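Residue indices begin at 1 and follow the sequence shown. Both counts, for ligands and for their atoms, begin at 1 and track the order of listing. Owing to the predicted nature of the structure, the values given are computational and were not obtained by experimental measurement.
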Amino acid sequence: MREGTAPLIRREDYSAPAFWIKSVDLTFDLDPAKTLVINKMQLERNLDVPAQALRLHGEDLNLTRVLVNGESVSFRHEEGLLVIDSLQGVPAGPFTLEIRNTCAPEKNTHLSGLYTSGGGFFTQCEAEGFRRITYFLDRPDVMAVYTVTLRANKQQYPVLLSNGNLVEQGELDNGRHFAKWNDPFPKPSYLFALVAADLVAREQWVTTRSGKNHLLQVYVRRGDLDKTEHAMNSLIASVVWDEARFKLPLDLERFMIVAVGDFNMGAMENKGLNIFNTKYVLANPATATDSDYLGIESVVGHEYFHNWTGNRITCRDWFQLSLKEGLTVFRDQEFSMDMAGSASARAVKRIDDVRTLRLSQFPEDAGPMAHPVRPDSYVEINNFYTATVYDKGAEVVRMMQTLVGRDGFAHGMTLYFERHDGSAVTCDEFAQAIADANPQSELARLLPQFKRWYSQAGTPRVTARGRYDAPSRTYTLLLEQSCGSTPGQAEKQPFVIPIAMGLVARDGRALALQLEDEALPASGAYPQERVLVLSENREFFTFVNVDEEPVPSLLRGFSAPVTLADGLSDNDLLLLLQHDTDPFNRWEAGQRLALARLLAAVRGDGDLQLDQPFIGAMRGVLTHPTLDAAFKELLLSPPSEIYIAEQLESVDPQRVHAAREAMRMQLAQALRDDWAVAFEANQATGGYAPDPISVGKRGLANLALNMLCLDAVARGDTVWPGRAYQRFKDASNMTDRQGALWALLASHSELAEPALARFYELFKGEPLVIDKWFTLQATAPESGGRVFARVKALMNHPDFTIKNPNRARSLIAAVCMGNPAAFHRSDAAGYVFWADRVLELDGINPQLAARMARVMDRWSRLAEPYRSAAREAVSRVAAKPDLSSDVREIVTRALADA
Ligand code: TRP
Ligand code: ZN
């Protein structure tokens, strides 16, 4: 394990490598206890930098041999590096370096490098895992061509895979066999992968536009083949979409996805050999929910799209991580939206993405881990695979598209590939290509300022004030921006903020938008929606020929990752909720009405008491004749406890929970009959399909059932809980089954226990479903400390193991992050539990431990007595002497946020 005093790495210290590795020939003799790695490299001095010794990364390896051009040389070890001094100033031109080492895959609990899972071998090399396999220049700007030979026992490991194309395979002595793979594309070491396991594959041939045939494969364990159809369909759709939307074809003869049960994250884009967490591959209607299906589609898309945005053009250094991640998240979001089809279904996806951003990125940007989309420094790069790099990074790319238009953005992408295909670049090159392809755009005009989105952390706040002048029929909008300080960044310069907007008349009409001194556009009419670009601290925008005082609808589609304070009244919001042509802002108006009531209840002393206008508006949504079910469900779900808490200066999680539960109960009671109608009207019929209409129906029916049970249990009525139990038993798909179980749990029905027991019996052989079983219990609404007590008991359940990341997340992360009222206890037991788990996990899997450690990021916002107790727990973790650098970085930053 690395020491807690690991150095800070700074972006400004980047220097090109002293050597290039042109090609590498790897041979693996695979054995769980001791795997031999023979690593033959062709190197060359980089003549652009001063002569230096060769310094190779290596971690947890046993070195057995070092040969330069076939001769042994002397070497030394220096802080995780293997140093060969005699190579300083070698003559220009190639030389060979052969290294032999061993490693112990079965002892590798970090799940980084080469490890075993379910009796097979798997690798995870991003970001710095390759150095745990062999000695190398383990940095993304060193790109080599790989040839890989795998040797292993044939019976135990019948499938031997690596990147690229299979060139040879055959038998060896002693029941062993081999396979040799070649990847023609030079790649950084983080994209290397191998798999050796007993797997089966679903296969599909596809023909791309050029007429070439490609083999797609999805590898899983025997017995899971019936859960691969959706992943394969998603992969085929991804191939088609990237060619259609961005003209980016599949560039390999064979493209493989492999599912593995032990995995730190979602999935990994290794060239031609994507390795996936089983959670993002395996699905059938009986075991996976609608949201699992959607997750699979977007992660399969994400990893596939990395083949161009990440692999063909990669990152020069890890500070540029958002170059590939922000762009690829943007691409997977666009893919899912295009797959969704209708305008309403697209909006549902957009709302979902914004909810995620607000739930994880906004708190990050306001807390001790706040960092720019392109960070300036890190201790442990794994800690910077964050919501900011991924999701805010995607919003930055989206703003570029908004500023140059959809076609302009596609041209920008084309130019980006013309310029940089096959190389390792920075975020600057990307932004420059998009701007250069659109020289007349606002992006080109404001590029240096726009790039502050990459360099400044924090969520900007936009304030808007409108003034209508009846005599001159003008409407003037004053927009102002500010951004609070973040760690290491006290002052902020103004951002370039695209604000999509419209003006709505009192009768709901969309008004024409004519700015002062603006000529009639060629289309012959002024638009009803446009994008204002705010680039100063404050700017006025004056609209002319405005007949009446309008209600402004700003930040449509969430056109920038900011918070908006527009001072709209309840009446204004009710108008937007009814009439806004922008579905996002329609949803937002409803959320704001709910949020205002929740915040008033949390801040005041009285209990929450919903008013008739609000209830009437919600009834209007629920009974609306044309709104899609999915959209209704989003509108009728109150903001999450985490989102509510983020609006408060001082957070009492119990008060937040109480207010939100009161809102749910009052909506359940006030709309009882309408919920019943909605439940009946939204029964998806026919076979299971995860299409937006059916998904929406199931979602709304489940919400309705939840509400009906809540109301019934409170009244002592057993009819609806009984129906929910019946539905739970008879459900033909996991969405309905889990929804019914949740309705029982969330209403504290007596039937919850028998349902949970039955659920376990039904699915005890399905690890991903047992994860759900743990999570349902960990996230059930707390009452009297019972949920927390149950979680502690479940830690001793025979199916619980902290070593499997999915299982650890299903219980520990679920209660600590997903159930604030169970976690934040006045007796501090939740914090004690958290500290114990982080310390326990740190000895096993530091990456995962550091993720769990982030639960306490916002401790300093808590009200007493939570705040002091939380601080004490963080301090206890920080006091451990041999803490990993991963966890140390997180808790050190947290404690600095006093
Ligand atoms: N690059 C991967 C993705 O975004 C994620 C990833 C980064 C990852 N580091 C990892 C996955 C470590 C597993 C383990 O798709
Ligand atoms: Zn990614």
Asks: Does Y14 have R316 sitting over its ring (NZ/CZ under 6.0 Å from centre, angle to axis within 45°)?
Replies: yes
Asks: Is the number of heavy atoms from other residues, nucleotides or ligands under 6.0 Å of R221 CZ greater than 12?
Replies: no
Asks: Among protein heavy atoms, which sits nearest to atom 6 (C) of ligand 1, and what does the distance come to when rounded to 0.1 Å?
Replies: M265 CE, 3.6 Å
Asks: Counting only heavy atoms, tell me which of K324, E269, E128 gets closest to atom 2 (C) of ligand 1.
Replies: E269
Asks: Considering heavy atoms of the protein only, find what lies nearest to atom 7 (C) of ligand 1 and give residue, atom and distance to 0.1 Å.
Replies: Y385 CE2, 3.2 Å
Asks: Go through ligand 1 atom by atom and flag the ones less than 4.0 Å from a non-hydrogen atom of E303.
Replies: 3 (C), 15 (O)
Asks: Between side-chain atoms of residues 254-263 and protein atoms elsewhere (two or more places apart, or another chain), which donor-acceptor pairs fall under 3.5 Å?
Replies:
unit_1 : atom_1 : unit_2 : atom_2 : d
R254   : NH1    : Q217   : OE1    : 2.8
D262   : OD1    : N804   : ND2    : 3.0
D262   : OD2    : S117   : OG     : 2.6

Asks: For the Zn ion (ligand 2), find the closest N/O/S atom belonging to H302 and write down its atom name.
Replies: NE2
Asks: Please check: side-chain N/O of H57 versus main-chain N/O of D138, any donor-acceptor pairing under 3.5 Å?
Replies: yes
Asks: Considering only heavy atoms of H302, which atoms of ligand 1 have at least one such atom less than 4.0 Å away?
Replies: 3 (C), 4 (O), 15 (O)
Asks: Do Y390 and ligand 1 have an N or O pair less than 3.5 Å apart?
Replies: yes
Asks: Is E325 in polar range of ligand 1, meaning some N or O pair under 3.5 Å apart?
Replies: yes
Asks: Could you verify whether a donor N or O on one side chain and an acceptor N or O on the other, from E325 and S322, lie under 3.5 Å apart?
Replies: no
Asks: Which is it for A267 and ligand 1 at heavy atoms under 4.0 Å: side chain, backbone, both or neither?
Replies: backbone
Asks: For a side chain to side chain contact (heavy atoms under 4.5 Å, CB included) check, start with the C-alpha distance between D376 and F319, then their side-chain angles and the critical distance, and finish with the verdict.
Replies: CA-CA 7 Å; D376 293 315; F319 297 103; 5.9 Å; no
Asks: Relative to the heavy atoms of F263, which atoms of ligand 1 are at a distance of less than 4.0 Å?
Replies: 11 (C), 13 (C)
Asks: Within a radius of less than 6.0 Å around CD of E840, do more than 12 heavy atoms belonging to other residues, nucleotides or ligands occur?
Replies: yes
Asks: Any idea which protein heavy atom is nearest atom 1 (N) of ligand 1, and the distance to it?
Replies: E126 OE1, 2.5 Å
Asks: More than 12 heavy atoms of other residues, nucleotides or ligands under 6.0 Å from CD of E229: yes or no?
Replies: no
Asks: Validate the cation-pi geometry between K187 and F192: distance from NZ or CZ to the six-membered ring centre under 6.0 Å, angle to the ring axis within 45°.
Replies: no
Asks: Just to confirm my output: which protein heavy-atom neighbour is closest to atom 12 (C) of ligand 1, and how far is it?
Replies: Q124 NE2, 3.3 Å
Asks: Check all N, O or S atoms of E325 and name the one closest to the Zn ion (ligand 2).
Replies: OE1
Asks: Suppose I only count heavy atoms of M268 and a 4.0 Å limit; which atoms of ligand 1 are within that range?
Replies: 1 (N), 2 (C)
